[in-house]
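Positions are given from 1, in the same order as the sequence printed here.
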Amino acid sequence: MMKHLIEICLPGTVFMFLAMLLPYQSIAQGDGVIENGKIEFERTENAYYYLDNYYGGFSVDMKKYADDYKSNFPKFKNTTFVLDFDTRQSYYHPKSNTEIKFDFLSQFASVNSVEINFDQNRTISQKNILGISYLVVDSAKNIQWKITGETREIAGFLCRRANAVIADSIYVVAFYTDQILAKGGPELFVGLPGMILGVALPNEHITWFAKNYSPEVKKDVLGSVKRIGRPIDAKGLDDVIKSDVNTKSSILKNFVRRRAIF
């Protein structure tokens, strides 16, 4: 088993990820095309970056919280998610409630559950924004991807790179494989000719990378999903955040709006 060190260089910091890479033959089924199964993703966030840029520069209490957090927690927050999928639908959710670390990032859409119906082009995402649970029902995002010639192996699959910009300014780097037919991915990232196994938002200091694939199949991927939250669509949620009187700082408000997108 090989270990590849993946480095994504960001302004002032470096993300390093160990991807456990297996030979292609050990995963491919039949002719190498996969229609369903389960993928584990690791979401990694640079918590110190957010503390320095959105907490440390404000009130004394927020500065104290930032300093206390740095003294007790590591720089990177890692959370494992599971994506159950078939060619018609997918369900992305935290792997275990015991692993979830409820901290300042938890109220900024850090622990989401996302349902996607590929046939209906519909998404339902459960997000915690400023302590309130929302059930965001909307159409799947129409991301204008630009596929490049760069390739990388992730979780045993050969993946091709694609770039995009969402919400006018959020730069996205994704890696997808056409060995998996479902055109989904972690969170709300969709629209490539296969399954997205890696996503990096360099300016947001967040990444999602697949750790492994399992052929485990659920008869009905969305059959047992429990939906909790205030129903709303994406535009409605953005309007709520913009009008929130408790988020007075324009910098912090913009941060919350950006986090709610993905």
Side-chain angles (χ1 to χ4, degrees), residues 8 10-11 15 41-47 49-51 53-55 77 79 81 83 90-94 103-118 121-146 162-176 183-192 196-209 227 229-244 246-247 249-262:
I8 300 176
L10 308 173
F15 276 179
F41 285 89
E42 183 171 67
R43 171 175 173 147
T44 301
E45 305 172 81
N46 185 341
Y49 168 80
Y50 290 112
L51 290 171
N53 287 273
Y54 300 105
Y55 269 59
K77 177 182 178 179
T79 310
F81 289 81
L83 181 69
S90 69
Y91 179 44
Y92 171 87
H93 55 97
D103 54 19
F104 75 102
L105 285 175
S106 300
Q107 62 178 329
F108 301 127
S110 181
V111 186
N112 305 322
S113 296
V114 180
E115 307 169 42
I116 299 180
N117 187 309
F118 300 123
N121 198 41
R122 185 184 71 163
T123 65
I124 303 177
S125 51
Q126 183 175 317
K127 299 172 179 284
N128 184 317
I129 305 291
L130 299 174
I132 300 175
S133 290
Y134 292 95
L135 205 59
V136 187
V137 182
D138 218 314
S139 299
K141 292 187 181 299
N142 182 23
I143 302 175
Q144 301 300 307
W145 296 105
K146 293 184 179 179
N163 304 324
V165 175
I166 59 175
D168 297 327
S169 61
I170 300 178
Y171 181 59
V172 184
V173 176
F175 289 89
Y176 75 94
K183 298 177 181 179
E187 304 282 356
L188 293 166
F189 297 103
V190 296
L192 282 166
I196 298 172
L197 297 182
V199 177
L201 309 183
N203 296 326
E204 309 302 316
H205 297 249
I206 307 176
T207 66
W208 296 259
F209 275 97
R227 299 169 180 165
R230 181 185 301 177
I232 200 168
D233 61 15
K235 184 182 182 304
L237 179 58
D238 188 55
D239 289 341
V240 168
I241 297 171
K242 286 191 293 185
S243 62
D244 182 26
N246 295 317
T247 312
S249 164
S250 60
I251 296 176
L252 185 58
K253 184 168 294 188
N254 184 54
F255 158 67
V256 178
R257 290 179 66 197
R258 292 168 72 90
R259 294 277 299 196
I261 293 171
F262 48 84

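Going from atom CZ of Arg259 over to atom CZ of Arg257 covers 15.5 Å, rounded to the nearest 0.5 Å. Atom CG of residue Asn112 and atom OH of residue Tyr92 lie 7.0 Å apart, to the nearest 0.5 angstrom. Once rounded to the nearest 0.5 Å, the distance linking OG1 of Thr44 with NE2 of His205 reads 13.5 Å. Taking CG of Leu237 as the reference point, atom NZ of Lys242 lies at 11.0 Å (rounded to 0.5 Å).
Side chains of Lys77 and Tyr50 form no contact here, defined as non-hydrogen atoms less than 4.5 Å apart. Here the side chains of Glu204 and Phe255 are not in contact, with every heavy-atom distance at 4.5 Å or above. Side-chain atoms of Ile241 and Ile129, non-hydrogen and from C-beta on, do get closer than 4.5 Å to each other. Between Arg122 and Ile124 there is a side-chain heavy-atom pair separated by less than 4.5 Å. Looking only at side-chain heavy atoms (C-beta outward), Val190 and Ile116 come within less than 4.5 Å of each other. The closest side-chain heavy-atom distance from Tyr176 to Trp145 is not below 4.5 Å. Taking the side chain as every heavy atom from C-beta outward, Pro186 and Val199 approach each other to under 4.5 Å.
Using modelled atom types, no side-chain atom of Asp233 and backbone atom of Val137 make a donor-acceptor pair closer than 3.5 Å. The backbone N or O of Gln126 lies less than 3.5 Å from no partner atom in the side chain of Ser113, so there is not a single donor-acceptor pair.
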- Task: Let me see the working for Ile232 and Leu135 under side-chain contact (heavy atoms from CB on, under 4.5 Å), right down to the final yes or no.
- Result: CA-CA 6 Å; Ile232 200 168; Leu135 205 59; over 6 Å; no
- Message: Could you walk me through whether Ile143 and Ile166 satisfy the side-chain contact (heavy atoms from CB on, under 4.5 Å) test, starting with their C-alpha distance in whole Å, then the side-chain angles of each, then the deciding distance to 0.1 Å, before giving a yes or no?
- Response: CA-CA 7 Å; Ile143 302 175; Ile166 59 175; 4.0 Å; yes
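For Arg43, the salt bridge (Lys or Arg N to Asp or Glu O under 4.0 Å) test picks out Glu45, Glu187, with sequence neighbours left out. Residues forming a side chain to side chain contact (heavy atoms under 4.5 Å, CB included) with Arg230 (at least two apart in sequence, or on another chain): Ile132, Tyr134. By the side chain to side chain donor-acceptor pair (under 3.5 Å) test, Asp168 is found to be paired with no residue, residues two or more places apart in sequence or in another chain being considered.
Taking both residues in full, the closest heavy atoms of Leu192 and Ala162 are given as CD2-CB, 3.7 Å, listed atom of the first, atom of the second, then distance. Heavy-atom minimum distance, Phe81 versus Pro94: CD2-N, 3.5 Å. Taking every heavy atom of both residues into account, Ser139 and Thr123 meet most closely at O-OG1, 3.8 Å. Considering every non-hydrogen atom in both Ile196 and Ala174, the closest pair reads CG2-CB, 4.1 Å. Nearest heavy atom pair, residue Phe41 against residue Leu197, reads CE2-O, 3.6 Å. For Ser90 against Phe118, the heavy-atom pair with the smallest separation is OG-CZ, 3.8 Å.
By the 4.0 Å N-to-carboxylate-O rule, Arg227 lies close enough to Glu115 to be salt-bridged with it. No salt bridge links Lys235 with Asp238; every basic N to acidic carboxylate O contact stays at or beyond 4.0 Å.
Taking the six-membered ring for Trp and thresholds of 30 and 60 degrees, Phe262 and Phe189 have nearly parallel ring planes, at less than 30 degrees apart.
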